[in-house]
Amino acid sequence: QVQLAESGGGEVQAGTSLRLSCAASGRTVGGISMGWFRQTPGNERTFVAATTRSGDRKYYSDSVKGRFTISRENARNTVQLEMNNLTPGDTAVYYCGAIVGECSGVGCRDRRLYRYWGQGTQVTVSS
């Protein structure tokens, strides 16, 4: 079992930055791949960024590439999402998810492969 808890959401102005954090407990972070997804009302949860179990590979959606950075600290069982140059289009509930074991490429982007989820944290970007 893996428990995930997100933090760091809030309301910010467009063009500013925000950092989200996800703390994992239970199975160690070193044994799971982790990703960030986001969801707006009435829409499906969509992929934002992911990092492999070792942290040596990272994946981003086209909409956030170059603005968002995912990183992980296995020793502290945390994963962060640094979000820069935020736009109103980034407004959503952000969820941290975990895949037991390694993911690769398309698999890291597929929410159906994520077995564990946090409760979500709201990010609101105003213009």
Side-chain angles (χ1 to χ4, degrees):
Q1 290 287 333
V2 176
Q3 294 79 44
L4 303 171
E6 304 95 337
S7 62
E11 183 171 353
V12 296
Q13 294 287 319
T16 61
S17 300
L18 202 61
R19 169 177 284 198
L20 305 182
S21 184
C22 176
S25 59
R27 190 164 181 167
T28 64
V29 171
I32 56 176
S33 301
M34 301 185 74
W36 287 95
F37 289 70
R38 63 189 182 187
Q39 188 171 20
T40 54
N43 295 306
E44 292 186 347
R45 196 169 297 185
T46 59
F47 172 74
V48 175
T51 177
T52 54
R53 181 175 55 183
S54 63
D56 62 344
R57 285 170 290 163
K58 300 173 183 180
Y59 304 92
Y60 299 93
S61 68
D62 289 342
S63 62
V64 307
K65 192 176 298 181
R67 298 188 299 123
F68 290 14
T69 302
I70 188 171
S71 61
R72 67 186 295 164
E73 298 179 51
N74 287 350
R76 298 175 60 184
N77 294 345
T78 60
V79 172
Q80 291 81 36
L81 184 68
E82 181 74 29
M83 306 184 294
N84 297 317
N85 195 21
L86 286 160
T87 73
D90 295 315
T91 295
V93 177
Y94 283 70
Y95 294 91
C96 175
I99 295 173
V100 177
E102 193 68 283
C103 69
S104 180
V106 173
C108 295
R109 302 169 183 267
D110 189 345
R111 61 180 172 82
R112 296 170 298 179
L113 299 184
Y114 285 76
R115 182 174 180 180
Y116 302 102
W117 294 96
Q119 80 286 353
T121 184
Q122 177 71 46
V123 172
T124 302
V125 184
S126 56
S127 58

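Treat the numbers as computed from the prediction; the structure is a model and nothing was measured.
For T40 against A92, the heavy-atom pair with the smallest separation is CG2-CB, 3.8 Å. Closest heavy-atom contact between T78 and S21: CB-OG, 4.4 Å. Nearest approach of L81 to A49, heavy atoms of both residues: CD1-CB, 4.0 Å. For the residue pair S17 and N84, the shortest heavy atom distance occurs at OG-OD1, 2.8 Å. Considering every non-hydrogen atom in both G107 and L113, the closest pair reads O-CD1, 3.4 Å. A pairwise comparison of heavy atoms in V100 and I32 identifies CA-CG2, 4.0 Å as the closest pair.
Applying the disulfide (SG to SG under 2.5 Å) rule to pairs touching residues 50-105 yields C22-C96, C103-C108, sequence neighbours excluded. Within the structure, salt bridge (Lys or Arg N to Asp or Glu O under 4.0 Å) pairs that include any residue of residues 83-94 comprise R38-D90, R67-D90 (at least two apart or interchain). Within the structure, every pair that satisfies the ring pair (Phe, Tyr, Trp, His ring centres under 6.0 Å) test and touches residues 95-115, not counting sequence neighbours, is listed here: F37-Y114, Y114-W117. Each disulfide (SG to SG under 2.5 Å) pair with one or both residues in residues 35-71, not counting sequence neighbours, would appear here, but there are none.
For the atom pair CH2 (W36) and OG1 (T51), the distance works out to 12.5 Å, reported to the nearest 0.5 Å.
A donor-acceptor pair under 3.5 Å links the side-chain atoms of S33 to the main chain of G101, judged by distance alone. A donor-acceptor pair under 3.5 Å is absent between the side-chain atoms of K58 and the main chain of S71, judged by distance alone. At distances below 3.5 Å, at least one donor-acceptor pair connects side-chain atoms of Y60 with backbone N or O atoms of I70. Of the possible polar contacts, one joining the E6 side chain to the Q119 backbone as a donor-acceptor pair under 3.5 Å is found.
M34 places none of its side-chain heavy atoms less than 4.5 Å from the side chain of R53. Counting heavy atoms from C-beta outward, L86 and F68 have side chains that approach closer than 4.5 Å.
Partners of K65 by salt bridge (Lys or Arg N to Asp or Glu O under 4.0 Å), not counting sequence neighbours, listed by chain and number: D62. With sequence neighbours excluded, no residue satisfies side chain to side chain donor-acceptor pair (under 3.5 Å) with Q1. For S126, the side chain to side chain donor-acceptor pair (under 3.5 Å) partners two or more places apart in sequence, or in a different chain, are Q13. Listed by chain and residue number, nothing satisfies the side chain to side chain donor-acceptor pair (under 3.5 Å) test with R109 (two or more places apart in sequence, or in another chain). Shown here are the side chain to side chain donor-acceptor pair (under 3.5 Å) partners of D56, two or more places apart in sequence or in another chain: T52, S54. Residues passing the side-chain contact (heavy atoms from CB on, under 4.5 Å) test with A14, sequence neighbours excluded: P88, V125. In this view, E82 and R19 satisfy the salt bridge (Lys or Arg N to Asp or Glu O under 4.0 Å) rule, not counting sequence neighbours. Not counting sequence neighbours, R115 has no partner by the salt bridge (Lys or Arg N to Asp or Glu O under 4.0 Å) test.
Hydrophobic clustering of Ile, Leu, Val, Met, Phe, Trp and Tyr side chains at less than 4.5 Å, counting indirect connections, unites V48 with L18. V64 and F47 are not part of a single hydrophobic cluster, where members link through side-chain heavy atoms under 4.5 Å apart. Hydrophobic clustering (side-chain heavy atoms under 4.5 Å, transitive across Ile, Leu, Val, Met, Phe, Trp, Tyr) groups L20 together with V12.
Side chains of E102 and S104: no donor on one and acceptor on the other come within 3.5 Å. If you check the side chains of Q122 and T124, you find a donor sitting under 3.5 Å from an acceptor.
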